[in-house]
Structure formats: C-alpha cells, structure tokens
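Here the structure comes first, spelled out in structure tokens, and everything after it is commentary.
As the structure lists them, so they are numbered: ligands from 1, and atoms in each ligand from 1.
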Amino acid sequence: MSTLRFPDNFVWGAATAAYQIEGAATDDGRGPSIWDTFSRTPGKVHHGHTGDVACDHYHRYADDVALMAELGLKAYRFSVAWPRIQPDGTGPVNPRGLDFYDRLTDTLLARGIDPIVTLYHWDLPQALQDRGGWTNRETAEHFATYATAVHTRLGDRIRTWTTLNEPWCSAYLGYGNGVHAPGEQDAGAAFTAVHHLLLGHGLAARALRAAGAQTVGITVNPADVRAADPDSAADAAAVRLVDGLHNRIFLDPLLRAAYPDDVLEHVARIVEPTFIRDGDEKLIAAPIDLLGVNYYAPTYVAGRPDGAGGSAWPGTEGAVEFLPPTGPLTDMGWMIEPAGLTRLLERLATDYPGVPLMVTENGAAFPDNADADGAGQVLDADRIAYLDGHLRAVHEAISRGVDLRGYLVWSLLDNFEWAEGYRRRFGIIHVDYLTQRRTPKSSARWYQEVISRNGL
Ligand code: PNW
C-alpha cells in the first residue's frame, strides 16, 4: 500500500559520470584528462585504481540502458567527457567522440528515458591543465566553446543541459587540498578556480540558451551546515563562515549576481581577488531553469580559536572545528541524516526562490561483502533504508512547498569512486569488475517498485 505519493510527472532517475563508468580511455581519439594523470600518479588513488576500464560502459551502454528501462527509470543523468569531444580541450571537435553520446542518447530516447546531460564532471583535458586548468581564465571560455559543440550535435534531442557538477569539489579538492585531480594544494588557486568555474558556467549557460537549449542548469553540492551547539554564538559564527565558503560563494553569484561581502573579505585574506573582473558577476548570473542539488550528509561545526579547520574549506584553521561524524555511517564514513536534505531543500527554496530544484545525486556506499548472499543476489537492506529515509525527506520538503522536480539516485552502477577507487560501491546495480557482469541489487528492485507506484 502506498502511503506517500509523489507529484505527477515527478522525475525518477539515476546518475553516473563519464570517468567513473565509461573506461575506453583511449578509444576513438579520446585525449587524456586530469583524472588519467592523477590516477596514474602513485599514492593518489586507492590501490592505484584508474578509470581505464571502469564499468566498460563505453562498450556496454546498450545493455546498461536496457537495465535502466527494466527498472522503469524516467530519466538518466550522465556526463560528457570533454577529452572525447576535444582531445586537447580546444580546437576541432572529434566526431567519433560525439558519436558515442549520439548513440547513447538515441538508445535512451528509444526506451523513453529522458537524458539529462552534465557537461563537466571533473575530467578536464590534460592539455588545458598544462596551461593552468581552472586557474586560467581562458579555460572558462574554452568550456563555453566545448558546450556549444556538444549542443550542436545533440541539441535536437536533449532537453536538459547542466554545465558543471559540484564546482566545490573541482575547486577545493582539486586545487585546494589536492585530494582530487589535478592534486594542487594552494588555497589561492582554489579560490581562483571557484571564480573561473562559475564564469565558465555563466558563459556556457548563455551559449546553450542562445543555441536554443530548453532547460539549462548547474549541479552544486550545498552543505547543510549545523552548529555543534545551537545556543553558541561562536558556533553560529563558524556556521556562517563554512556556509559562506561552501554555499554562498557559489549560490550568491549564480542566483543573486554578487559574491557575499563576508566571503570576499575571507578570500582577500588568502589571495587578492584580482581574478574577479568588472562584469563577471553579471555573466555568472545567466538565468537558469534548474538547480541540481547533490546531498549525502550534513556538516557539523564548532567555532574554536584552536580549531584544526578543514582542508577542504580554505582558511578555516584557527577558527573552526569540524566534528567527527556520529551515529550510523556509510562506507564513506559519512553520517546518515535524511533531515539534512529536507533542511537544505527548504533553505534553498527560501533564500534563492524562483528556481526549480532537482536532487541530481543522493545515495550511499555500503560494503559489498556484507550483502552478497551467495545465491547470485545482492541484498543491500542498508542502502534501501538510506534511500527510503532520504525519499521521505524529499517528500517532506515538497509537502512544505519546495518546487522539487525529481530525484536521481547515485549511482546506477558501482563505479570508480575517485580517490577511493573501486573499493566504495554506490550502485543500485552491482558490477563484478572481473567479468563486468551486472546484477541489480535488492535496492534496484525496491526502487523499481517505488517508481512504478510513484510513491513509498
Ligand atoms: C560526488 N566530499 O562527489 C560526485 O558528484 C560523484 O561523482 C561521487 O561519486 C559522489 O558524490 C559520491 O562521492 C563527492 O568529500 C566527492 O565531501 C567528495 C565529497 C562530496 C561529493
């Protein structure tokens, strides 16, 4: 019996990203990306795993789309690998790279699955990194050129276009603490990258709109930042600082056409923001039709003069203590707190009204060995509980008036989990990397039921 129904036309789907699933790292003229370089650098990725083969989705996409259809997915979010389209990041497009996304798109449409494209999910062409990557303003312009090239080929069939995935990760993990590619450790570079990523989004969004794209958006990973002690003024100040660095530094220029003053002051203590030029904020604030929200876990902070800070939030040392996660954790060590998703969605709808939202990623890694039952089934009750809790949280946000259009599970398949390699499994479909055999987990069957009932 269905107790919680979702709105008609609610978009149920799943998400992936190119480098995490495609493999085929040198097929059909693909150039190297920063993740190829990074994953081959000893000590950067768990066990030296790379995306060279991954889920071999590049060759198995038709079977994977058939599985999506079996589950009843209404939408599928995938990313386009820039180095397949422009192997050096600039210059002539590689038609064989576009051919793959053309085939994928047609296969999805033939099954009635709506494609949702992400143009940049972290695989910057290495040739652009050799010129500074996102610390170089020109990368923003090249990104808009690349976006236009993809739209020229697929714009007649794809309605929903998103520019960047989680620029927070690209900037702070890529250029700040070096946990992600390209592995730089320079707070000033991180803030420079923030700005150029946003500029790239704005230029691409404008170009896509001019080319006739129907729905244009961006996906961010805003944090639900909470005070350790709700009554402490020091903790409230820490919340404000982390919220500024994590959320408002992206959302304010995107949706209010201006960086917040307190954030600019913080940045200026680390690097002189000469990279922000007159008119940039206007460019960044190109109108969008959809804000994608990725949510996994809340962030708890306390204000402390001796606080260690967090390497992923430049300049928080000596001000903020990030609390260790408590309660039940996922295999990433992340807290499980569905209420954080409701709070986050409500906050976005309140502070940045007028833009429809979609949960473009939510899900959990749990160890495989705990749920394989030896009978060819993968029983992942822990993942079902996680997804059920977060879908109830989504439903709660909708019932409180949030304009939320859909929910995409991360991820369709077990895949290359960045610095963690293949040891973390987020899929609702199990992948045996030795045979590339796919096995829908019990969470996939559960999700199939949810979709068919349009409710929980
Ligand atoms: C997101 N963090 O990454 C990405 O969009 C996915 O590609 C990824 O597989 C998924 O979430 C699960 O990790 C994140 O350190 C990576 O806070 C790291 C963080 C957050 C998101």
Side-chain angles (χ1 to χ4, degrees), residues 13-22 33-35 38-39 44-46 49 51 54-55 57 77-81 116-124 162-181 183 190 197 218-225 242 245-247 250 292-301 310-314 316 322-325 329-337 340-341 344 358-366 383 386-387 390 408-428 431:
T16 64
Y19 190 73
Q20 296 182 270
I21 65 164
E22 286 178 359
S33 82
I34 56 175
W35 270 96
F38 189 75
S39 63
K44 298 299 184 189
V45 174
H46 173 74
H49 292 167
C55 308
H57 172 76
R77 172 178 181 249
F78 63 92
S79 79
V80 174
I116 297 178
V117 171
T118 301
L119 286 162
Y120 184 73
H121 201 126
W122 308 352
D123 42 2
L124 188 74
T162 65
T163 55
L164 309 174
N165 176 71
E166 301 192 358
W168 177 86
C169 289
S170 298
Y172 294 138
L173 306 184
Y175 294 85
N177 70 9
V179 168
H180 281 183
L197 282 154
I218 181 172
T219 282
V220 290
N221 60 319
D224 173 50
V225 190
V242 174
L245 289 174
H246 200 117
N247 299 327
F250 296 103
V293 177
N294 295 352
Y295 172 83
Y296 291 92
T299 304
Y300 280 85
V301 298
S311 67
W313 297 269
T316 52
F322 286 80
L323 302 193
L329 307 180
T330 71
D331 200 29
M332 295 293 280
W334 295 348
M335 281 176 76
I336 302 175
E337 196 167 298
L341 180 53
L344 189 59
M358 182 182 286
V359 174
T360 40
E361 285 180 27
N362 174 246
F366 287 108
R383 183 171 291 99
Y386 181 98
L387 297 175
H390 286 78
L408 312 179
V409 172
W410 185 270
S411 179
L412 180 74
L413 303 170
D414 289 336
N415 62 47
F416 176 79
E417 177 50 35
W418 307 114
E420 299 292 330
Y422 296 98
R423 73 168 152 171
R424 306 292 182 223
R425 292 178 175 271
F426 274 92
I428 57 171
V431 176

- Item | Nearest heavy-atom neighbours spanning Tyr19 and Asp123 | N-OD2, 4.1 Å
Are there any N/O pairs under 3.5 Å between ligand 1 and the protein, and if so, what are their distances?
unit_1   : atom_1 : unit_2 : atom_2 : d
ligand 1 : 3 (O)  : Glu166 : OE1    : 3.4
ligand 1 : 5 (O)  : His121 : NE2    : 3.3
ligand 1 : 5 (O)  : Asn165 : ND2    : 2.9
ligand 1 : 5 (O)  : Glu166 : OE2    : 3.3
ligand 1 : 5 (O)  : Glu361 : OE1    : 3.0
ligand 1 : 5 (O)  : Glu361 : OE2    : 2.8
ligand 1 : 7 (O)  : Gln20  : OE1    : 2.7
ligand 1 : 7 (O)  : His121 : NE2    : 2.8
ligand 1 : 7 (O)  : Trp418 : NE1    : 2.8
ligand 1 : 9 (O)  : Gln20  : NE2    : 3.0
ligand 1 : 9 (O)  : Trp410 : NE1    : 3.1
ligand 1 : 9 (O)  : Glu417 : OE1    : 2.6
ligand 1 : 11 (O) : Tyr296 : OH     : 3.3
ligand 1 : 11 (O) : Glu361 : OE1    : 3.2
ligand 1 : 13 (O) : Glu417 : OE2    : 2.7

- Query: Does His246 reach the main-chain N or O of Asn221 with its side chain, forming a donor-acceptor pair under 3.5 Å?
  - Reply: yes
- Message: Determine whether a donor-acceptor pair (N or O, by modelled atom type, separation under 3.5 Å) exists between the side chain of Asp414 and the backbone of Val431.
- Response: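 Flag set: sc Asp414 to bb Val431 pair under 3.5 Å.
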- The side-chain contact (heavy atoms from CB on, under 4.5 Å) partners of Ala312 (sequence neighbours excluded) come to Trp168, Leu173, Asn177
- Task: Applying side-chain contact (heavy atoms from CB on, under 4.5 Å), name anything that partners Ala365, two or more places apart in sequence or on another chain.
- Result: Asp331, Met332, Arg424, Phe426
- Asn294: partners by side chain to side chain donor-acceptor pair (under 3.5 Å), with sequence neighbours left out: Asn165, Glu166, Thr360, Glu361
